[in-house]
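Data first, discussion second: the structure below is written as structure tokens.
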Amino acid sequence: MMRSLLIIAAVACVALLLGAVLQPRGYAVRVVCLILLAASLGQCWNIVGGLANQVSLGHAAFFGIGAYTSTMLQIKFGLSPWAGLPIGMLFAALVSVLLSIPTMRLKGPYFSLATLAFGEACRIVATAATGLTGGPQGVSVPFAGNSWLLLQFRGAGAYVPVFVGLFVVVCVAFTLLANGRLGYMLRAIRENEDAAEVTGINTLGVRLAGGAISAALTAATGTMFAQFTFFIDPDIVFSATSISIRAALIAILGGVGTLAGPIVGALVIVPLEELLSAYLSNKAAGIAPLIFGLILIGIVVWRPSGLVSLVTQRRGRT
Amino acid sequence: MIAVLQALADGLMIGGVYGVIAVGLSLVFGVLGIVNFAQAEFMMLGMYVAWFAWRYLGLDPLVGAALSFVAVFCLGALVQRLLIQRIMKAPPVAQIFLTVGLLIVLENSALLLFGPEFRTVKTAYQTRALMIGPIFVSVSYLSAFVAAVIVSGGLWLVLTRTWIGRAIRATAQNPMAATLFGVDTRWIYAVAFGLGTGLSALGGGIVLSYSSVSPTSGSQYVVLMFTVVVLGGLGSVMGALVGGVIVGMIQSLSTLVMPIQLQNLALFTIFIALLAFRPQGLLGSPSR
């Protein structure tokens with residue numbers, strides 16, 4: 001556990017340092033921010049996907065709820081995103097609990113299918129409920145100059161400390177869960193649900209708690225994303241491919257169920273994404289996702305335990 | 001009342017086609033035990049094959065669908081040998097992500113190769129309609145439905161009357177026993193995966209006769225396909241065909257009471273509810 005906290009602290013320090021050194025309105029610092037967001041998103045997914053082995057393909061639902069809640073509260077009631085953030089988190093946790101009622105007994109691919117359908121259903125609702133969300137043309141976060149109170153800045157540099165904060169919270173939550181009582185119970189359920197139930201674990205309650213924490217943190221990441229990009233629409237924040245599957249891909253690429261997994265995954269995926277979109281997008285739309293698909297297939301077929309296992313295996317650990 | 005009858009008739013005809021699309025998915029699950037998230041992308045490829053057959057060979061999409069079947073059968077069998085075979089015994093996480101990866105690769109390959117635009121075919125009968133009693137029957141729906149019925153009949157014959165069909169069913173029931181009786185199950189897996197993806201592609205060709213194709217066509221049908229299959233019971237061939245008709249009817253009836261953009265929402269809701277309460281399917285018996 002100490003080792004995990006040290007890793008988190010080290011990554012946070014490096015990110016803060018980069019944020020301080022790099023040109024605050026430059027491109028490099030923007031990439032640092034994107035990496036932090038991606039690592040946070042992957043880590044949120046890792047809480048249910050890695051610890052409980054429930055492969056969710058619908059995390060975009062919570063991401064979108066977070067992004068829309070804070071943004072719409074700000075537009076309609078002038079509420080600061082700092083107030084919208086916890087409201088969105090609470091809302092997402094509630095939705096996750098409600099979603100568990102039909103899905104908690106589902107196993108393997110059935111759970112994935114149900115969550116995939118749920119994410120898509122949310123996208124349709126957000127597109128259709130024009131009064132609530134602004135509909136398919138999306139909404140912009142009103143910009144009123146640099147402001148800590150409204151969590152908005154010109155240039156990416158000022159976001160670094162905020163996103164480091166988010167990253168640390170999500171990673172510490174994962175570490176505490178993984179090493180704490182709840183984490184052991186989640187893993188017990190993963191290994192053998194019936195045995196876990198027999199030993200007196202309230203499998204239902206544990207799953208609900210894990211799912212709600214993951215959903216709330218995903219919503220927080222969604223709010224941060226909206227504050228960073230200043231524009232959201234249902235197809236962006238509720239996207240099955242670029243949010244739900246990407247969250248899982250980041251964790252899987254690095255190593256499912258490990259703290260370092262989503263960090264490594266984000267460090268590989270985001271720069272690759274940026275390179276591809278810089279050099280290839282104009283020539284050939286679809287090349288970046290195509291390469292991610294190939295990476296996903298490659299990882300599953302040749303290295304199912306992720307890139308982190310390259311290091312840990314050599315040291316004789318798994 | 002006439003509106004309801006009209007919706008039921010449309011639903012029946014579209015639903016028959018849904019049955020053909022979904023039966024491939026059910027077959028893949030029934031024989032290989034793999035939930036293929038990429039199934040709808042094979043259907044999309046089938047739609048493209050049928051489109052090119054129409055554009056350059058002048059074939060009606062209902063005829064071109066046969067080419068779709070052949071092309072995607074080969075591709076599917078190849079994908080099974082090269083990729084799916086490696087994860088046949090892997091945990092569900094690996095199986096989910098391999099097929100999700102395939103989904104992304106196929107969709108974006110189509111985008112790279114064919115561009116984002118929607119392509120449609122023109123046929124002589126497209127705008128015709130027959131008047132049967134008080135309801136209109138679109139000729140393209142009707143011919144699509146007839147094609148779907150013929151394909152279903154053909155599939156039934158293959159599965160029940162041929163050696164390969166019996167071998168496929170034996171492998172689905174008990175691969176070990178099938179091996180003992182001289183069936184090379186690894187070969188059967190490739191054939192079954194090719195057959196399953198090929199059937200969805202064939203269905204895609206039929207759908208093209210009244211619809212359009214683009215690289216995202218697959219994602220339009222993915223949940224629909226799974227709803228049909230779960231409704232009929234995963235792995236059940238007959239169930240998929242009946243499920244298709246039911247889903248077609250639900251879909252066209254829901255347009256009577258709901259705005260069109262919420263049409264898919266009804267489907268998603270039914271799907272999640274089905275998974276939760278009747279995962280063995282409405283028609284299947286609780287076997288697990």
Side-chain angles (χ1 to χ4, degrees), chain A residues 49-50 53-55 57 99 101-125 127-130 135-136 240-241 244-246 248-249 252 256-257 283-302 304-305, chain B residues 29 33-38 79 82-84 86-87 90-113 115-116 215 219 222-223 226-227 229-230 234 258-277 279 288:
Chain A
N53 214 4
Q54 288 189 296
V55 181
L57 292 178
L99 176 66
I101 296 171
T103 61
M104 68 202 152
R105 290 281 167 222
L106 300 176
K107 295 202 170 85
Y110 299 93
F111 180 81
S112 307
L113 280 170
T115 48
L116 182 69
F118 179 70
E120 284 294 287
C122 286
R123 187 175 61 81
I124 293 175
V125 170
T127 311
T130 315
T241 323
S244 295
I245 295 178
R246 186 163 170 266
L249 171 62
I252 286 168
V256 177
K283 289 177 205 139
I287 189 105
L290 176 69
I291 289 176
F292 291 130
L294 290 174
I295 293 177
L296 192 54
I297 292 176
I299 281 283
V300 170
V301 172
W302 286 288
S305 44
Chain B
F29 181 81
I34 296 229
V35 176
N36 183 14
F37 282 81
V79 165
L82 293 180
L83 297 171
I84 308 281
R86 293 165 185 268
I87 48 110
V93 186
Q95 301 182 342
I96 293 167
F97 281 106
L98 180 69
T99 56
V100 168
L102 264 178
L103 181 161
I104 300 174
V105 168
L106 293 176
E107 181 177 328
N108 290 289
S109 304
L111 182 62
L112 275 174
L113 290 172
S219 40
V222 61
V223 173
F226 278 107
T227 315
V229 167
V230 171
L234 257 174
M258 269 195 261
I260 194 114
Q261 64 264 43
L262 288 182
Q263 197 185 23
N264 279 331
L265 190 65
L267 212 60
F268 289 125
T269 317
I270 292 169
F271 178 61
I272 295 176
L274 264 177
L275 275 178
F277 302 111
R288 276 170 302 140

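Proteins come first, then strands; the chains are lettered A, B, ... in the order of their sequence lines, and each starts at number 1. These values consider heavy atoms only, across backbone and side chains, with no hydrogens, waters or symmetry-generated copies. Computed from a prediction, not measured in an experiment: that's the story for all the values here.
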Chain B: which of A/Leu113, A/Leu99, A/Ile124 shares the most heavy-atom pairs with it under 4.5 Å? A/Leu113

Bottom line for A/Ile252: the part with an atom under 4.5 Å from chain B's heavy atoms is side chain

What part of A/Leu294 gets within 4.5 angstrom of chain B, counting heavy atoms only: side chain, backbone, both, or neither? both

Grab the two heavy atoms, one from B/Ala94 and one from A/Val300, that are nearest each other, plus how far apart they are. O-CG1, 3.3 Å

If every non-hydrogen atom of A/Pro289 is compared with every non-hydrogen atom of B/Asn108, which pair is closest and at what distance? CB-ND2, 3.2 Å

Check whether any side-chain heavy atom of A/Tyr110 lies under 4.5 Å from a side-chain heavy atom of B/Val230, and answer yes or no. no

Honestly, the part of B/Leu106 sitting under 4.5 Å from a heavy atom of chain A is neither

May I ask you to test the A/Ser112-B/Phe37 pair for a side-chain heavy-atom distance under 4.5 Å? yes

So do the side chains of B/Phe97 and A/Ile297 get within less than 4.5 Å of each other, counting heavy atoms only? no

Quick one: pull up CZ in A/Arg123 and CZ in B/Phe268 and give me the separation to the nearest 0.5 Å. 7.0 Å

Chain B interface, residue from A/Thr103, A/Leu57, A/Val125, A/Thr127 that has the most non-hydrogen pairs under 4.5 Å: A/Leu57

If we define contacts as heavy-atom pairs under 4.5 Å, which of A/Gly49, A/Pro102, A/Ala240 has the most with chain B? A/Pro102

For chain B, which of A/Ile101, A/Ile295, A/Val55, A/Leu249 has the most heavy-atom pairs under 4.5 Å? A/Val55

Side chain, backbone, both or neither of A/Phe118 within contact of chain B (heavy atoms, under 4.5 Å): both

Measure across A/Leu290 and B/Ser109 and return the closest heavy-atom pair with its distance rounded to 0.1 Å. CD1-OG, 3.3 Å

Distance check, rounded to the nearest 0.5 Å: B/Leu98 atom CG versus A/Leu296 atom CG? 8.0 Å

A/Ile299 versus chain B, heavy atoms under 4.5 Å apart: side chain, backbone, both or neither? neither

Does A/Trp302 reach the side chain of B/Arg86, with side-chain heavy atoms less than 4.5 Å apart? yes

Any idea which of B/Ile87, B/Val105, B/Thr227 has the most non-hydrogen atom pairs under 4.5 angstrom with chain A? B/Val105

Checking B/Ile96 against chain A: side chain, backbone, both or neither under 4.5 Å from a heavy atom? side chain

